[in-house]
Q: 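Let me begin by handing over the structure; questions about it come next.
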Amino acid sequence: MAKPFDNALDWVAKHFRKDASKMLIWTGVAGWALSSLAQVGAVLFNPKISTEQKSFLVPQELADAAVNIGAFFLVTQATKRTVAKLFSTGKFAPKSVRAFLEKNKDVYSNKVGKLDFDLDEILKSKKNAGFPAEEYYACKNFGTTIATVGAGVLSSNIITPIVRNRMAAKMQKNYLNKKEIETQNTTTVYTPKGSMRI
Amino acid sequence: MNIQPIATNNISMGKHPDKANSKNYINRFKQKVIDALPKATFNDNEKNLKRWTNFTEKISRPAENRFIMGGTAIILQPIIDATNKKVDESTRTVSICRTIAKIIAGTTVGILVRGSCYNLVKNMTKPEGTNKFSKALLPKRYTKEIGKVEAFLKNYRSALSNIVAIGAMCFTNFLIDAPLTVLLTNKFSDVALQHKNDIAKSKEEDTHG
């Protein structure tokens with residue numbers, strides 16, 4: 001029993017100890033998914049809402065959840081990856097890393113800012129013992145975390161409400177149109193015999 | 001302009017040519033984004049290093065992170081709802097009330113649950129701890145490394161407490177969040193309706209009086 005538990009703790013440490021922003025994205029997605037599920041449940045199990053209204057409100061909540069989670073994941077992931085790439089290619093760097101790159105410019109000068117250049121890989125090589133790893137990670141983590149939080153605010157609090165409102169307005173309009181047609185049809189059914197409708 | 005050379009071995013390696021091409025387009029786009037931005041160098045003196053590490057740790061903490069999300073949400077989302085001209089006035093009012101209720105309920109419960117989980121995890125992940133619970137949630141394979149680098153320990157605590165909080169939220173979201181949202185929505189809607197009626201009444205009195 002202790003083994004799977006230890007393995008789970010090791011898994012968390014392996015994946016998230018070096019990168020706080022990665023954890024923010026995945027736990028954010030899981031948090032939004034759970035929260036949305038609860039809101040769907042609140043509509044579904046509310047006895048004050050009729051079955052007919054539920055058939056409109058549940059898809060609306062699900063659409064809201066899809067937009068929220070999708071926008072959060074896409075925007076935060078794209079922003080985080082871009083900022084992380086800027087640091088790992090040396091385009092953005094703390095002073096000590098820049099000095100290291102300058103010192104070894106015969107090896108790195110043509111590589112800085114190139115997509116296939118990765119300072120994280122250089123760190124793994126034993127040849128680069130003088131690389132200022134602590135400064136690099138502190139600066140990279142700071143940049144990517146701020147970018148992730150900023151992108152989270154942008155997606156959850158600006159993009160999602162705008163898209164959700166547009167979708168909800170469209171869904172409400174469709175729902176009202178459908179209701180109007182149904183009412184008209186009901187009226188037709190109850191028209192006296194002989195009054196033919198074309 | 002720095003554009004990556006197109007890898008010529010993609011086809012010979014058995015990849016579908018369309019896939020290889022689309023990957024090249026994506027890489028070219030990424031390279032253009034990197035090229036478009038200027039080189040930046042940040043002063044990493046001891047003071048800044050400490051500031052960066054502390055700030056990263058603070059905003060990654062579950063409760064603080066939820067506070068930032070909730071705080072910005074209560075400022076921005078009601079404004080977006082209020083300016084939504086695609087729905088009628090009464091729908092708009094209910095929508096604003098529901099948004100505010102959702103944010104208040106979600107943020108309050110979220111901060112309480114996440115904050116409690118963080119404190120629990122913090123007390124059970126102390127590499128220097130002496131009692132039997134203080135090391136209970138430390139990862140066996142990484143204890144040494146995490147004990148040496150403080151930033152790694154802080155990131156691990158934030159990640160683990162966020163995961164524990166998500167487990168707790170499986171219950172609190174359904175038992176507290178959702179019913180509280182309904183309760184607050186109804187309360188705010190009643191207040192908004194009352195306010196609207198009061199305004200209409202005073203206008204009527206002004207016209208007659």
Side-chain angles (χ1 to χ4, degrees), chain A residues 6 9-21 23-24 27-28 30-31 34-35 37-39 41-42 46 82 85-86 89-98 112-116 132 134-135 137-139 141-142 145-146 149 152-153 156-158 161-162 165-166 168-170 172, chain B residues 2 4 27 30-31 33-35 37 39-44 49 52-53 55-57 59-60 62 65 68-69 72-73 76-77 80-81 84 86-87 91 95 99 102 106 110 137-142 145-146 151-152 155-156 158-160 162-163 165-166 169-170 173-174 177-179 181-182:
Chain A
D6 286 341
L9 296 179
D10 285 338
W11 182 86
V12 175
K14 185 185 169 189
H15 288 91
F16 302 116
R17 74 188 190 287
K18 286 184 183 172
D19 189 354
S21 56
M23 169 273 299
L24 285 178
T27 52
L34 265 178
S35 174
L37 208 64
Q39 294 301 332
N46 189 343
T82 306
K85 204 76 205 166
L86 287 168
T89 58
K91 191 93 188 196
F92 286 4
K95 252 184 183 174
S96 51
V97 172
R98 188 72 70 214
V112 171
K114 297 283 166 62
L115 199 60
D116 56 355
E134 198 189 331
E135 289 82 353
Y137 275 126
C139 192
N141 259 333
F142 176 70
T145 306
I146 286 196
V149 172
V153 169
S156 295
N157 297 334
I158 297 174
I162 292 172
N165 282 349
R166 286 193 178 180
K170 209 173 174 184
Q172 192 191 37
Chain B
N2 295 322
Q4 283 298 294
N27 282 345
K30 283 181 185 172
Q31 187 61 59
V33 171
I34 295 171
D35 291 341
L37 291 158
K39 230 184 215 180
T41 307
F42 306 98
N43 189 356
D44 57 352
L49 270 182
W52 290 341
T53 311
F55 192 76
T56 307
E57 190 249 332
I59 62 168
S60 307
N65 187 260
I68 294 170
M69 296 304 287
T72 47
L76 297 167
Q77 290 200 28
I80 292 170
D81 282 350
N84 180 18
K86 288 185 185 285
V87 288
T91 308
S95 156
T99 298
K102 231 175 168 179
L137 294 179
L138 279 172
K140 299 265 184 297
R141 222 179 290 169
Y142 298 91
E145 191 188 348
I146 275 176
F152 288 179
N155 283 346
Y156 172 73
S158 292
L160 187 64
N162 250 322
I163 292 167
I166 283 166
M169 276 152 51
C170 286
N173 269 349
F174 292 92
D177 257 42
T181 302
V182 175

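The structure presented is a predicted model; accordingly, all values stated were derived computationally and were not measured. Each chain gets a letter, A, B and so on, in the order the sequences are listed, and its residues count up from 1.
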Q: Does CD belonging to A:Glu134 count more than 12 external heavy atoms closer than 6.0 Å?
A: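 No.
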
Q: Top residue by heavy-atom pair count (under 4.5 Å) with chain A, among B:Leu76, B:Ile163, B:Asn162?
A: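 Max contact count across the listed options: B:Asn162.
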
Q: Between A:Leu86 and chain B, which part of the residue has a heavy atom less than 4.5 Å away: side chain, backbone, both or neither?
A: side chain

Q: Where does the angle between the aromatic ring planes of A:Phe142 and B:Trp52 fall among parallel (under 30°), tilted (30 to 60°) and perpendicular (over 60°)?
A: parallel

Q: If I measure from the heavy atoms of chain A, does B:Glu145 come under 4.5 Å with its side chain, its backbone, both, or neither?
A: side chain

Q: Chain B: which of A:Pro161, A:Ala138, A:Ala93 shares the most heavy-atom pairs with it under 4.5 Å?
A: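 The candidate making the most pairs under 4.5 Å is A:Ala93.
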
Q: Mind ranking A:Thr145, A:Asp10, A:Thr27 by heavy-atom pairs under 4.5 Å with chain B and telling me who comes out on top?
A: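 Looking at each option in turn, the highest pair count goes to A:Asp10.
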
Q: Any side-chain donor-acceptor pair under 3.5 Å between B:Asp81 and B:Gln77?
A: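 Their side chains do not contain a donor-acceptor pair, so the 3.5 Å distance test is not met.
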
Q: I need the minimum non-hydrogen distance between A:Ala169 and B:Lys86, along with the two atoms involved.
A: CB-CB, 3.7 Å

Q: Specify which of A:Gly28, A:Ser35, A:Pro94 makes the most heavy-atom pairs with chain B at under 4.5 Å.
A: A:Pro94

Q: Under 4.5 Å, counting heavy-atom pairs only, tell me which of B:Leu49, B:Val182, B:Leu138 racks up the most with chain A.
A: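 Of B:Leu49, B:Val182, B:Leu138, B:Leu49 has the most heavy-atom pairs under 4.5 Å with chain A.
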
Q: Test of understanding: with side chain to side chain donor-acceptor pair (under 3.5 Å), list the residues that count as partners of B:Asn84, not counting sequence neighbours.
A: none

Q: Taking the side chain as everything from C-beta on, heavy atoms only, tell me whether B:Asn155 gets closer than 4.5 Å to A:Lys18.
A: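 B:Asn155 does not reach A:Lys18 side chain to side chain.
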
Q: Could you tell me which of A:Phe16, A:Phe92, A:Trp11 has the largest number of non-hydrogen atom pairs under 4.5 Å with chain B?
A: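 If we count pairs closer than 4.5 Å to chain B, A:Phe92 comes out on top.
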
Q: Minimum heavy-atom separation for B:Ser158 to A:Met23, with atom names?
A: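 Minimum heavy-atom contact is CB-CE, 3.7 Å.
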
Q: Under 4.5 Å, counting heavy-atom pairs only, tell me which of B:Thr99, B:Val87, B:Leu37 racks up the most with chain A.
A: B:Leu37

Q: Heavy-atom distances under 4.5 Å only: say whether A:Ser156 touches chain B with side chain, backbone, both or neither.
A: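 Contact with chain B: backbone and side chain both.
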
Q: If you tally heavy-atom pairs under 4.5 Å against chain A, which of B:Ala178, B:Ala159, B:Pro179 wins?
A: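 Among B:Ala178, B:Ala159, B:Pro179, the one with the most close pairs to chain A is B:Ala159.
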
Q: Which atoms of A:Lys170 are under 4.5 Å from chain B, going by heavy atoms: the side chain, the backbone, both sets, or neither?
A: neither

Q: Tell me if the NZ atom of A:Lys95 is crowded by more than 12 foreign heavy atoms within 6.0 Å.
A: no

Q: Chain A: which of B:Asn65, B:Val33, B:Asp177, B:Thr53 shares the most heavy-atom pairs with it under 4.5 Å?
A: B:Asn65

